[in-house]
Number of protein chains: 2
Amino acid sequence: MRDDSGERARGPLYRSVAADLREAITAGDYGSGGRLPAESTLAERYGVSRGTVRQALAALRADGLVTSRRGTRRVVLGTTRVQSFAELVSFTTWARSVGEDPGGRVEQLERRAADARESEQLRLEPGAEVVVVLRVRTLSGRPVMVERSVYPVWVGELVARIPADAVSHTEPLQEQGVVFADADHTIDLVLADADDARLLGCRAGEALLRERRRSTDPVGAPVEWSEDRYLPGTVAFTVHNSIAASALSRRHRRPH
Amino acid sequence: MRDDSGERARGPLYRSVAADLREAITAGDYGSGGRLPAESTLAERYGVSRGTVRQALAALRADGLVTSRRGTRRVVLGTTRVQSFAELVSFTTWARSVGEDPGGRVEQLERRAADARESEQLRLEPGAEVVVVLRVRTLSGRPVMVERSVYPVWVGELVARIPADAVSHTEPLQEQGVVFADADHTIDLVLADADDARLLGCRAGEALLRERRRSTDPVGAPVEWSEDRYLPGTVAFTVHNSIAASALSRRHRRPH
DNA sequence: TAGTGGTCTAGACCACGGG
DNA sequence: CCGTGGTCTAGACCACTAC
């Protein structure tokens with residue numbers, strides 16, 4: 001109902017419905033383990049068709065908020081807030097969303113020919129130029145992560161114009177039309193090298209949590225390939241998946 | 001077209017369409033970076049409505065195989081095989097799918113009252129009984145992971161009947177009607193304790209990659225809460241997410 | 001058996017991309 | 001401008017759950 005009376009007019013209808021339901025769920029209106037109203041009931045309540053309600057519910061399902069099973073009403077799984085794509089790709093957006101004060105400083109920026117791995121990840125011809133950025137990320141001034149990002153030159157030129165102590169790189173990039181639409185992440189463990197140790201204030205050889213990420217724009221063109229190394233105990237990565245839609249997988253590494 | 005002529009008749013129509021498209025994509029029919037036919041074209045080709053085609057394409061989108069953008073045809077992102085939900089929850093299924101020889105041995109199995117954290121994770125009343133299993137997992141006889149699983153008794157009783165050296169626990173459980181439908185994973189880093197060191201053959205205090213996982217059945221009832229600790233260099237976790245459907249998130253840990 | 005979600009259809013209009 | 005995917009509707013039938 002909050003649809004015609006509410007201010008949440010912009011954008012698709014099903015998003016408004018999803019947002020409203022999400023709010024109700026996280027507010028505990030249905031309780032954890034409780035049942036949602038039937039699709040037909042919701043359709044009537046919001047004054048939309050059942051298809052639109054289903055589209056909204058599919059979003060909640062993908063976020064792991066509700067189950068769905070033929071024959072019974074949907075069950076509320078959890079009441080946890082789920083992070084958005086933006087919060088995931090951008091350290092800055094994420095940090096702010098958890099009430100932390102993010103910072104960053106570019107330690108090194110160079111333009112050079114891509115090595116084999118880089119050109120493969122960014123889908124460039126071998127030897128094409130890339131811009132490589134080494135950056136420390138902080139929370140409340142405390143270093144927590146070292147970020148090594150590689151960009152194709154058309155993105156890298158934009159990055160190079162950003163002040164070295166800018167909090168966010170993603171935001172100015174987006175303002176200039178660089179759109180992050182998809183990302184592949186690989187999470188594992190790595191030992192700190194001399195740079196890591198110096199920048200993070202830990203010992204060389206200490207274990208760090210590593211996230212490697214390749215982001216692509218809506219056309220599928222890679223816009224960034226980044227390797228982030230976190231101090232232990234500062235972050236954990238969480239994933240939800242279901243028999244309906246899975247995104248996570250293990251990857252094997254052969255010894256040596 | 002392979003629809004009416006094919007043998008892939010069982011199940012929803014859109015799955016057949018998705019499977020066929022997936023096959024064509026991984027076979028390279030459209031090339032990496034190529035364009036898919038328009039939805040209307042596919043609808044005509046398969047003799048289904050546009051809605052059904054969209055349902056199939058949504059599945060490919062969720063798997064990170066194709067992009068989609070208003071105004072242009074869908075772009076093929078990658079031709080990589082995507083792992084199934086089963087491969088994700090089950091070490092055994094995963095290991096086999098990458099051509100490794102999985103093994104396992106139960107080191108300890110006890111039935112006792114749940115502590116606070118356990119009863120919360122499994123949504124049991126405080127003090128309810130649980131079954132706790134400590135197990136080493138191997139690849140080709142080499143220990144790579146220590147698994148600490150906590151089950152509600154109704155599942156734990158089934159687990160207790162499985163031979164100590166059984167390769168898989170998930171498979172017998174599924175045969176007896178325990179269904180894993182959803183899972184939440186948290187990935188971070190932890191230091192090996194004395195048990196880990198003994199069972200994995202590493203030093204105590206060495207960093208391990210930790211995956212904590214809570215699995216629920218289709219009704220949303222928790223069936224397992226497990227903490228897996230991997231030797232460094234044996235696995236990496238990969239996640240795909242997009243602006244359309246995200247499942248991964250960071251989680252912050254306040255110092256101390 | 002009644003209610004529910006899962007699937008499928010046939011049509012409509014719109015917003016965006018690219019020629 | 002046209003073709004494309006994004007959104008939405010109204011209705012239909014089925015498979016399954018719970019009573």
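Both backbone and side-chain heavy atoms feed into the values below; hydrogens, waters and symmetry mates do not. The chains referred to below are lettered A, B, ... by the order of the sequence lines, with proteins before strands, and numbering in each begins at 1.
- Nucleotide D:dC14 holds its P atom 14 Å from the CG atom of B:Leu13, rounded to whole Å.
- In this structure a side-chain-to-backbone donor-acceptor pair under 3.5 Å is missing from B:Ser68 to B:Arg74.
- The minimum heavy-atom distance between A:Val48 and A:Leu13, with the atom names listed, is CG1-CD1, 3.6 Å.
- Here the side chains of A:Thr92 and A:Thr170 are not in contact, with every heavy-atom distance at 4.5 Å or above.
- Salt bridge absent: B:Arg112 and B:Glu129 never bring a charged side-chain N and a carboxylate O closer than 4.0 Å.
- Sequence neighbours left out, the pairs with a member in residues 148-162 of chain A that pass salt bridge (Lys or Arg N to Asp or Glu O under 4.0 Å) are A:Arg111-A:Glu157, A:Arg148-A:Asp193, A:Arg148-A:Asp196.
- Where DNA chain C meets chain B (any atom under 4.0 Å from a heavy atom), the bounding nucleotides read 5' to 3' are C:dT7 to C:dG18.
- Map B:Arg35 and B:Thr52 each onto its nearest nucleotide of DNA chain C; the residue landing nearer the 5' end is B:Thr52.
- In this structure, A:Asp228 pairs ionically with A:Arg213, as a charged nitrogen and a carboxylate oxygen lie closer than 4.0 Å.
- Between B:Val219 and A:Gly51, the residue anchored closer to the 5' end of DNA chain D is A:Gly51, taking for each the nucleotide with the nearest heavy atom.
- Near DNA chain D, defined here as any heavy-atom distance below 4.0 Å, the residues from residues 66-73 of chain A are A:Arg69, A:Arg70, A:Gly71, A:Thr72, listed numerically.
- Within 4.0 Å (heavy atoms only), B:Arg74 reaches sugar-phosphate atoms of the nucleic acid but no base atom.
- Between B:Pro102 and B:Ala95, the shortest heavy-atom distance links the atoms CB-CB, 3.6 Å.
- A side chain to side chain contact (heavy atoms under 4.5 Å, CB included) with A:Val130 is found for exactly one of A:Leu124, A:Asp115, A:Val155, namely A:Leu124.
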